[in-house]
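Letters A, B, ... are given to chains in the order of the sequence lines, protein chains preceding strands, and every chain is numbered from 1.
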2 protein chains.
Amino acid sequence: MKNGKYGISDVAEMLGVSKSTVSRVINGNEGVGPELRKKVMDFINEIGYQPNTIAQSLSKGRMNIVALILGDIRNPFYADLTFNIQRILNDNGYMVMVLNSEYNIDRELEFLKLTEQFNFAGLILITAQEKAIEERLKNMEMPKVLVNRILPYYTGDSVLIDNFQAGYQATMHLIELGHRHIGFIKGPGVSSASSQRFAGYRQVLENYGFSFDEKCVFESDLKLETGRALAQQFLEIKERPSAMVVVNDMTAIGFMDGCRKAGIRIPEELSIISFDDIAMASMYGIELTTISQHVDEMGEKAAHLMLKQLNDKDAKTERIIMEPTLIVRKTTCECSEI
Amino acid sequence: MKNGKYGISDVAEMLGVSKSTVSRVINGNEGVGPELRKKVMDFINEIGYQPNTIAQSLSKGRMNIVALILGDIRNPFYADLTFNIQRILNDNGYMVMVLNSEYNIDRELEFLKLTEQFNFAGLILITAQEKAIEERLKNMEMPKVLVNRILPYYTGDSVLIDNFQAGYQATMHLIELGHRHIGFIKGPGVSSASSQRFAGYRQVLENYGFSFDEKCVFESDLKLETGRALAQQFLEIKERPSAMVVVNDMTAIGFMDGCRKAGIRIPEELSIISFDDIAMASMYGIELTTISQHVDEMGEKAAHLMLKQLNDKDAKTERIIMEPTLIVRKTTCECSEI
DNA sequence: TTGTACGCGTTATCAG
DNA sequence: CTGATAACGCGTACAA
């Protein structure tokens, strides 16, 4: 080899055996006598030979890398998910390529293209409910796992929270505390998780005959700063709701911050409930009432679904649905305006 | 091609030209007439041909992926850094492979091995100051950028905060507030950022003739939960310090939480200052006094250093040193015990 | 059990 | 300006 490193041919030559033999030893394939095998192994360790992954991949037709497409790694929910997925896949011989779509469809499509060009072994998606995406996915013949999202015609493996139920549950919690005028902060329009939660919220309103007020619905890109900014818009509402359901903890924390800095007392004047239960949510001074998505478990299940497909091309598809859990802390209380 | 997809040979054949021509068009290389070029381009777009990156990489001898080794993506400081690095490198045709070492040397060494096997184009490290690592790096001939860490004999590109200065500055802030008995929570022993900050702290103590108390020094793995747990150890100290310098915001937030839940008032009874200035640090209820590392700028500089090397093999090496900035919020106040 | 020869898809070198 | 052909490093039928 040029690079000063050894190639399989070098090893074979120096050892006086064929490349095939060395290849078999590297991959632990049978068909090599014990003595020869040991001899090759020892020699490889001695000179520090490392097989070239690119060449292996080209030959095998696929790379042992799994792509993970998500919105923004800075969101703790995604970071937690990523960490667990990565840990498990790494331990099983795969690397994980994290791709930040920044909630942008074109970027996602671009990543899907790259996923094909790189011949990645698999694809884990926390992605947009967008026709273009779904169309593209159909033509990609590789292990796929959809996480916490729904695509109408997608039939492959997926692990998700019952987000409708989560939205319903969150809103019910507020109703039970006596709230009647409840607002909502949505996520990006392309997030099915957000849509489902919103649908659950609407359902409660309808079931209990409370009117839905368009002016009390906002949209966030799930970032802390955005939540803070939305507080300004919230302040301008004439008849402010007594409670808000917020699409995720990060937005809620920012929103709370903005409201409190404007003098609104939480929860006395405004109850807030959100979704995710990130680590920060339990902190003194934050203590957010939230709906847990069991993110660790979710990541582990996603990773295992991927491994299953990776190891068995014909494995039956699974659709794992997890139950959300209400965690009551200190940002919700009984409505004082009754 | 087998896969149902087109390869360069297919394109060449269908078009009645040679592979070379198609290759030239794909890569925008000169040596193809305008008409032929357009004809090929159109055809490629029409049938949706995508070059196989693995084959390209094998041929070129390197993969357009940059490895990024860090401790734990769940730490917001790393997540911010990662996001910016990724954004810039993606925009320049590279992908970024994030590798979580979990602050474990063996894992890091394993990742370095993989980096070689995969023929990654470059390596960005936020890594341990460990002889084994440094030794390994020497033998890796590829663009490298060290971020916020120091390795004694490393001479390549790096971008870092003056962490000694940061530690000094933080401690001085407390001294100026009248504190005399100041404790410290370190990071993992292998983190040079932590060591440097600790050294700065020791220096202040020495300069002002205040005694150093071993019992008031703890160690964290930079996680929130660990900070919370350390609060329990802190409570057991007989003569508790009136102020603590904490290695990073996440640990500090957890530590604060633990202390407050145990009834300690902050800052009245205990002042806390830390490092990073993550987004959460400015939240109502947290409002941490901290030393900013200008993480966004840091990520951008790291990415640009990498691009520079990627584009110019013989670029001169740079060592960018940034100044830390003290941000005073509400977790420090004048010492009441004077 | 071991070795030979070809294929993987692309780039690069050298003729024409 | 264009084309044939040899690498790139490894896996794998197939032959010995």
Side-chain angles (χ1 to χ4, degrees), chain A residues 1-41 43-44 47-64 93 113-114 116-121, chain B residues 1-41 43-44 47-65 93 114 116-121:
Chain A
M1 271 186 66
K2 340 169 117 176
N3 214 359
K5 294 180 190 176
Y6 300 112
I8 198 173
S9 317
D10 302 311
V11 176
E13 194 174 341
M14 297 165 80
L15 222 40
V17 300
S18 77
K19 293 193 298 178
S20 319
T21 301
V22 181
S23 174
R24 288 184 184 111
V25 173
I26 293 170
N27 298 303
N29 291 336
E30 51 189 5
V32 181
E35 308 150 19
L36 219 195
R37 165 162 270 133
K38 179 164 167 35
K39 183 178 165 191
V40 175
M41 279 288 264
F43 186 71
I44 282 175
I47 68 171
Y49 162 73
Q50 297 170 347
N52 178 323
T53 311
I54 301 183
Q56 288 181 313
S57 302
L58 179 62
S59 193
K60 289 196 170 150
R62 90 173 199 193
M63 193 131 224
N64 55 339
K113 183 176 161 193
L114 287 170
E116 281 189 320
Q117 293 189 210
F118 272 93
N119 277 294
F120 288 149
Chain B
M1 271 186 68
K2 339 169 120 177
N3 216 359
K5 294 180 190 175
Y6 300 111
I8 199 174
S9 314
D10 302 310
V11 176
E13 194 174 340
M14 297 166 80
L15 222 40
V17 300
S18 75
K19 293 192 296 178
S20 317
T21 302
V22 181
S23 174
R24 289 183 183 111
V25 173
I26 293 169
N27 298 304
N29 290 336
E30 50 189 5
V32 181
E35 306 151 20
L36 219 196
R37 163 162 270 132
K38 179 164 165 35
K39 183 177 164 193
V40 175
M41 278 287 265
F43 187 71
I44 281 176
I47 68 171
Y49 161 74
Q50 297 170 347
N52 178 322
T53 311
I54 301 182
Q56 289 181 315
S57 303
L58 178 62
S59 194
K60 291 196 170 148
R62 94 175 195 192
M63 193 132 223
N64 54 342
I65 293 179
L114 288 171
E116 282 188 319
Q117 293 190 207
F118 272 92
N119 277 294
F120 288 148

**Student:** What's the spacing between B:R24 CZ and B:S18 OG if we round to 0.5 Å?
**Tutor:**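 Nearest 0.5 Å value for the CZ-OG distance: 6.5 Å.
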**Student:** What integer distance in Å separates B:F118:CZ from D:dC10:C1'?
**Tutor:**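 Distance check: B:F118 CZ to D:dC10 C1' gives 14 Å.
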**Student:** Rounded to the nearest 0.5 Å, what's the gap from CE on A:M41 to CG on A:L36? Could you check?
**Tutor:** 12.5 Å
**Student:** To the nearest 0.5 Å, how far apart are CE in B:M63 and CD in B:Q117?
**Tutor:**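 B:M63 atom CE to B:Q117 atom CD measures 13.5 Å (nearest 0.5 Å).
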**Student:** Starting from P on D:dC10, measure out to CD1 on B:I54 and report it in whole angstrom.
**Tutor:**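 To the nearest whole Å, that distance equals 15 Å.
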**Student:** If the cut-off is 4.0 Å, is A:S18 near the phosphate of C:dT2, judged by side-chain N/O to OP1 or OP2?
**Tutor:**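 No, outside the criterion.
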**Student:** Over all strands shown, is A:G33 touching base, sugar-phosphate only, or nothing at heavy-atom distances under 4.0 angstrom?
**Tutor:** sugar-phosphate
**Student:** For the pair made of NZ in A:K5 and P in D:dC8, what is the distance, rounded to whole Å?
**Tutor:** 15 Å
**Student:** Relative to the 5' end of DNA chain D, which residue comes earlier, B:R37 or A:T53, by the nucleotide with the nearest heavy atom?
**Tutor:** B:R37
**Student:** In Å, rounded to the nearest 0.5 Å, how long is the span from OG1 of B:T53 to CD1 of A:I54?
**Tutor:**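 Taking OG1 in B:T53 and CD1 in A:I54, the distance rounds to 10.5 Å.
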**Student:** I need the CG-P distance between B:N64 and C:dT11, as an integer number of Å.
**Tutor:**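 From B:N64 CG to C:dT11 P: 12 Å.
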**Student:** Atom CD of B:E116 to atom P of D:dG9: distance rounded to whole Å?
**Tutor:**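 Spelled out: CD on B:E116 to P on D:dG9 is 14 Å.
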**Student:** From CG of B:N52 over to C1' of C:dG9, roughly how many Å is that when rounded to an integer?
**Tutor:**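 Checked: the CG to C1' distance equals 6 Å.
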**Student:** Calculate, to the nearest 0.5 Å, the distance between atoms CZ and OG belonging to A:F118 and A:S57 respectively.
**Tutor:** 11.0 Å
**Student:** Got more than 12 heavy atoms from elsewhere within 6.0 Å of CD, A:E13?
**Tutor:**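 Not buried by this count: 12 neighbours or fewer within 6.0 Å.
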**Student:** Roughly how far, to the nearest 0.5 Å, is CG of B:L58 from CG of A:L58?
**Tutor:** 5.5 Å
**Student:** Classify A:L36 by what it touches in the nucleic acid, base, sugar-phosphate, or nothing, heavy-atom distance under 4.0 Å.
**Tutor:**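 Sugar-phosphate: the residue A:L36, judged by heavy atoms under 4.0 Å, touches backbone atoms but no base.
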**Student:** Nearest-Å distance, CD1 (A:I44) to P (D:dC10)?
**Tutor:** 10 Å
**Student:** When every nucleotide of nucleotides 11-16 of chain D is labelled 5' to 3' by its protein contacts under 4.0 Å (heavy atoms), B for base, S for sugar-phosphate only, - for none, what sequence of letters results?
**Tutor:** BBB---
**Student:** Taking CD from B:Q50 and P from C:dT10, how many angstroms apart are they, rounded to a whole number?
**Tutor:** 11 Å
